[in-house]
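Order of listing sets the numbers, starting from 1, for every ligand and every atom in it.
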Amino acid sequence: MASSLESLNRWVEEVARLTEPAEIHWCNGSDGEYRLLTEKMLASGDLHALNPDTHPGCTLHRSNPTDVARVEHLTYICTRNRDDAGPNNHWMAPAEAHAKVDHLFAGCMRGRTMYVVPYCMGPIDSPISRCGVEITDSPYVVANMRIMTRMGAAALSRIERDGGFVKGLHSIGELDPDRRFIMHFPEELSIKSIGSGYGGNALLGKKCHALRIGSWQARSEGWLAEHMLIVGIENPQGEIRYVAAAFPSACGKTNLAMLIPPESYRKAGWKVWTVGDDICWMKPGADGRLWAINPEAGYFGVAPGTDTTTNPNALDMIQHDTIYTNVGVTADNQPWWEGLSEGRPATDWQGRDYDPANGPAAHPNARFTVSARQCPSWSEHAEAAQGVPISAIIFGGRRPSLVPLVFEAKDWTHGVLVGAAMGSETTAAATGAVGVLRRDSMAMKPFCGYNFADYFSHWLSFDKPGAKLPKIFHVNWFRKNAEGRFLWPGFGENLRVLEWILGRCAGSAGARETPIGFVPDAGDLNLDELDLPSVAKRELLAVDAKAWRGEIAAIGEYLDGFGERMPERLKREQRHIADALEMAPLATARAASG
Ligand code: GTP
Ligand code: SPV
Ligand code: MN
């Protein structure tokens, strides 16, 4: 049998014959290699230096203005059987997809360097980790992969040990939106991406491998690959409990993963430890609990909105050795974005003199790329080979109305329904309209590499004898009042909700039972020092049975849209809640205390 390194060599030769690069560079992941790469990009204009006094080691990349976000309409799952991709994905037959993109890859690297990037998703010695190799002609992608993954020599040795790897072929091509495709071949464990140099379209270890191919592998191997942050909450007794939370793109994962406790909590001894901010791989351990790793080694985070009041940990970690993408720049060459209280933009994300008439200085999906270890709240358990045990799973989205601040699912099956039923307003993380409410099951709509109906069955399958599964919750930081203002202060104050969640897991926090799950009364949450008007408390924690009847009916239609494959257990759960809502008094809101 040919070794994995032989098959890697053969694949590299094959790709080189197709794409015709001027030279081939195998990345070893060393500091020297990274320095040379950065120098080369500063010379070519791929990167711009930022103020070395205020932001040492920081650079700015301006992407092509037509290439600023993930492109869901050009992202395909290419399985032999169309139903395996499901109605949640765009599908193309594998042979057709290969032919279509290979035509675009032909000769596309002429005059360019082809980089071979071996990488490991997850701690290099973790049994949960998986490896891949990305071939790319973008030095910017290589630099980002160096920060976001364990890249280079160590990954190559693991690939040799593992005997296999995910193949990812990427070229920026002509950066032409009409010649752009992100193709996934889960049955071949391979990816082909052309025409974009941006984020999730191009850093193939991230969404393409760790979620789309990863979710496929996870199903066949009995684990979960999820769009979730992982955070450790340390209580005043010094006990750390880990929580995984799925929010859609640009809905608050990075912020929750790094939150700084409110002052009274800090004084009492609460601490927050960041394990991951975007992706979570979870596997049942011998003890029946779910153990989770962050497959990434860095953060590719949203810059706009990051400030001392919202996410001071993030602001602190991006003061040095950070790649900025599509932010504005001040007159003294510091990065700038909307929401940053200090400084003023002189230049916008496209390099033009800043003019408010042209829109925001930073693109709404402007990002920073930074090593995870630079985060002040970085958890040393992020490197643990066995991962961390998960006590609670949280789903959430941007829901301006209806959905309460927090509720707890009654059991695992109900929790899976809560995740499947998730809805959220769209954001700038993907091209297309912003602020449109859509279903985004488990925050995986753009990322599940197979049929959602099969994915829900896979989730349900974890509920078996001996399993000690986490409790499942739903949160909504984005509830608005009639004037369109957020009812909940969010950010650090979200710890108050996490405290209730962990209290429910420990059996110590109170709640009232409603048809949609367990909801706290205001007196069950610590809202001290918050100054929340009682009308806000009431609205945040109310369950409007009449409005929920409509929501549950819509969820039923959504589930039916998947046809035969939808697990009956989930449909039964939906009917059960619909019936309970029919019986419920029209408003189950109880007057909020205080
Ligand atoms: P991806 O990296 O795209 O997956 O996004 P993410 O889920 O990590 O979202 P992130 O934490 O970067 O937040 C996106 C935007 O939501 C930022 O502009 C934040 O300021 C804002 N945001 C985050 N948390 C809260 C919150 O609790 N309340 C409010 N109102 N806004 C928030
Ligand atoms: C997201 O869109 O969920 C992101 C950014 O985390 S990207 O890497 O572009 O997918
Ligand atoms: Mn994300």
Side-chain angles (χ1 to χ4, degrees), residues 63 67-72 75 141 144-145 148 182 193 196-212 226-231 245-260 274 276-280 296 298-315 318 325-326 337-340 360 362-369 394-400 405-406 424-432 434 440 443-447 475-480 484-498:
S63 74
D67 183 30
V68 294
R70 284 182 294 100
V71 281
E72 295 180 6
T75 299
V141 165
N144 276 269
M145 287 292 285
M148 296 301 297
I182 326 293
S193 164
S196 167
Y198 197 88
N201 300 330
L203 312 177
L204 300 187
K206 197 172 176 52
K207 298 301 166 50
C208 300
H209 176 167
L211 289 180
R212 298 197 190 94
E226 299 301 324
H227 190 204
M228 292 179 177
L229 67 94
I230 307 166
V231 66
F247 308 152
S249 302
C251 290
K253 288 183 300 301
T254 301
N255 278 267
L256 193 69
M258 297 174 192
L259 84 71
I260 292 195
T274 310
D277 83 326
D278 197 51
I279 301 179
C280 165
E296 301 190 283
Y299 310 120
F300 183 65
V302 177
T306 308
D307 195 20
T308 44
T309 52
T310 56
N311 194 349
N313 275 332
L315 195 63
I318 59 180
T325 300
N326 292 342
W337 49 85
E338 277 64 26
L340 193 65
H363 187 277
N365 193 36
R367 300 249 167 187
F368 52 76
T369 317
I394 305 177
F395 295 116
R398 289 180 185 263
R399 295 295 300 252
L405 177 65
V406 59
S424 194
E425 290 181 333
T426 52
T427 66
T431 57
V434 168
D440 190 349
M444 286 286 278
K445 165 75 184 73
F447 307 120
V475 300
N476 179 20
W477 315 142
F478 299 95
R479 192 69 182 267
K480 288 180 176 167
R485 299 255 292 275
F486 290 121
L487 282 172
W488 177 248
F491 302 103
E493 309 296 347
N494 293 334
L495 184 57
R496 298 172 188 277
V497 174
L498 295 181

ask   = Touching ligand 1 at all, His227? Heavy atoms, strictly under 4.0 Å?
value = yes
task = Among all protein heavy atoms, pick out the one at the shortest distance from atom 9 (O) of ligand 1; state its residue, atom name and that distance to 0.1 Å.
result = Gly252 N, 2.9 Å
request  = State whether Phe478 and Arg398 meet the cation-pi test: NZ (Lys) or CZ (Arg) under 6.0 Å from the six-membered ring centroid, and within 45° of the perpendicular axis.
outcome  = yes
message = Tell me whether Trp337 contacts the main-chain N or O of Thr306 through its side chain, where contact means a donor paired with an acceptor under 3.5 Å.
response = yes
query = Hey, is the main chain of Lys206 close enough, under 3.5 Å, to the side chain of Glu296 for a donor-acceptor pair?
reply = no
query = Counting N and O atoms only, with roles assigned by atom type, does the side chain of Asp67 sit under 3.5 Å from a partner on the main chain of Gly197, one being a donor and the other an acceptor?
reply = yes
request  = Only protein N/O/S atoms count here: give how many lie under 2.8 Å from the Mn ion (ligand 3).
outcome  = 3
Side chain, backbone, both or neither: the part of Cys251 lying under 4.0 Å from ligand 1 by heavy atom = backbone
request  = Could you please spell out the steps behind the side chain to side chain contact (heavy atoms under 4.5 Å, CB included) verdict for His227 and Ser249?
outcome  = CA-CA 9 Å; His227 190 204; Ser249 302; 3.6 Å; yes
Ligand-protein N/O pairs under 3.5 Å (ligand 2):
{"from": "ligand 2", "atom 1": "2 (O)", "to": "Arg70", "atom 2": "NE", "distance (Å)": "2.9"}
{"from": "ligand 2", "atom 1": "2 (O)", "to": "Arg70", "atom 2": "NH2", "distance (Å)": "3.0"}
{"from": "ligand 2", "atom 1": "2 (O)", "to": "Ser249", "atom 2": "OG", "distance (Å)": "3.0"}
{"from": "ligand 2", "atom 1": "3 (O)", "to": "Lys207", "atom 2": "NZ", "distance (Å)": "2.6"}
{"from": "ligand 2", "atom 1": "3 (O)", "to": "His227", "atom 2": "NE2", "distance (Å)": "3.3"}
{"from": "ligand 2", "atom 1": "3 (O)", "to": "Ser249", "atom 2": "OG", "distance (Å)": "2.5"}
{"from": "ligand 2", "atom 1": "6 (O)", "to": "Lys207", "atom 2": "NZ", "distance (Å)": "2.7"}
{"from": "ligand 2", "atom 1": "6 (O)", "to": "Asp278", "atom 2": "OD1", "distance (Å)": "3.4"}
{"from": "ligand 2", "atom 1": "6 (O)", "to": "Asp278", "atom 2": "OD2", "distance (Å)": "3.4"}
{"from": "ligand 2", "atom 1": "8 (O)", "to": "Gly200", "atom 2": "N", "distance (Å)": "3.1"}
{"from": "ligand 2", "atom 1": "9 (O)", "to": "Gly200", "atom 2": "N", "distance (Å)": "2.8"}
{"from": "ligand 2", "atom 1": "10 (O)", "to": "Arg70", "atom 2": "NE", "distance (Å)": "3.1"}
{"from": "ligand 2", "atom 1": "10 (O)", "to": "Lys207", "atom 2": "NZ", "distance (Å)": "3.0"}

Spacing of CD1 belonging to Ile230 relative to CG belonging to Leu256, to within rounding of 0.5 Å = 12.5 Å
query = Within a strict 4.5 Å, meaning less than it, do heavy atoms of the Phe491 and Ile260 side chains meet?
reply = no
ask   = Any donor-acceptor pair under 3.5 Å linking the side chain of Asp440 with the backbone of Met444?
value = yes
task = Would you mind checking which non-hydrogen protein atom is closest to atom 5 (O) of ligand 1, with the distance to 0.1 Å?
result = Ala250 N, 2.7 Å
task = Among all protein heavy atoms, pick the one closest to atom 19 (C) of ligand 1 and tell me residue, atom and distance.
result = Asn255 ND2, 3.6 Å
ask   = What do we get for Trp488 next to ligand 1 when only non-hydrogen atoms under 4.0 Å count, side chain, backbone, both or neither?
value = neither
Thr431 (side chain) donor-acceptor with Val71 (main chain) under 3.5 angstrom = no
key: Donor-acceptor contact present, side-chain His209 to main-chain Leu204, <3.5 Å   = no
ask   = What protein heavy atom sits nearest atom 6 (P) of ligand 1, and how far away is it?
value = Lys253 N, 3.3 Å
message = Less than 4.5 Å apart, side chain to side chain, heavy atoms only: is that true for Thr274 and Asn313?
response = no
inquiry  = Quick one, Thr325 and Tyr198 - any side-chain contact, counting heavy atoms below 4.5 Å?
reply    = yes
request  = State if Pro248 counts as touching ligand 1 under the rule of any non-hydrogen atom under 4.0 Å.
outcome  = yes
message = I'd like to know if the side chain of Thr308 reaches the main chain of Pro312, judged simply by a donor and an acceptor atom lying under 3.5 Å from each other, with no hydrogens or angles considered.
response = no
query = Of all the heavy atoms in Pro304, does at least one lie under 4.0 Å from an atom in ligand 1?
reply = yes
remark   = Under 4.0 Å from one or more heavy atoms of Val302, ligand 1 contributes atoms 12 (O)
request  = Write out the residue and atom name of the closest protein heavy atom to atom 28 (N) of ligand 1, then the distance separating them to 0.1 Å.
outcome  = Phe491 CE1, 3.8 Å
query = Short question: side chain of Asp278, backbone of Met228 - any donor-acceptor pair under 3.5 Å?
reply = no
ask   = Where on Asp278 is there a heavy atom closer than 4.0 Å to ligand 1, on the side chain, on the backbone, on both, or on neither?
value = side chain
inquiry  = Can you confirm if the NZ or CZ of Lys480 lies within 45° of the ring axis of Phe486 and under 6.0 Å from the centre of its six-membered ring?
reply    = yes
ask   = Are Arg399 and Ser424 side-chain neighbours, meaning at least one heavy-atom pair lies under 4.5 Å?
value = no
task = Could you check atom 2 (O) of ligand 1 against the protein and tell me its nearest heavy-atom contact, residue, atom and distance included?
result = Arg367 NH1, 2.7 Å
ask   = Quick one: CH2 on Trp488 to CZ on Arg479, what's the gap to the nearest 0.5 Å?
value = 13.5 Å
request  = Write out the residue and atom name of the closest protein heavy atom to atom 16 (O) of ligand 1, then the distance separating them to 0.1 Å.
outcome  = Arg398 NH2, 3.1 Å
request  = Would you check whether Thr310 reaches within less than 4.0 Å of ligand 1, judged by its heavy atoms?
outcome  = no
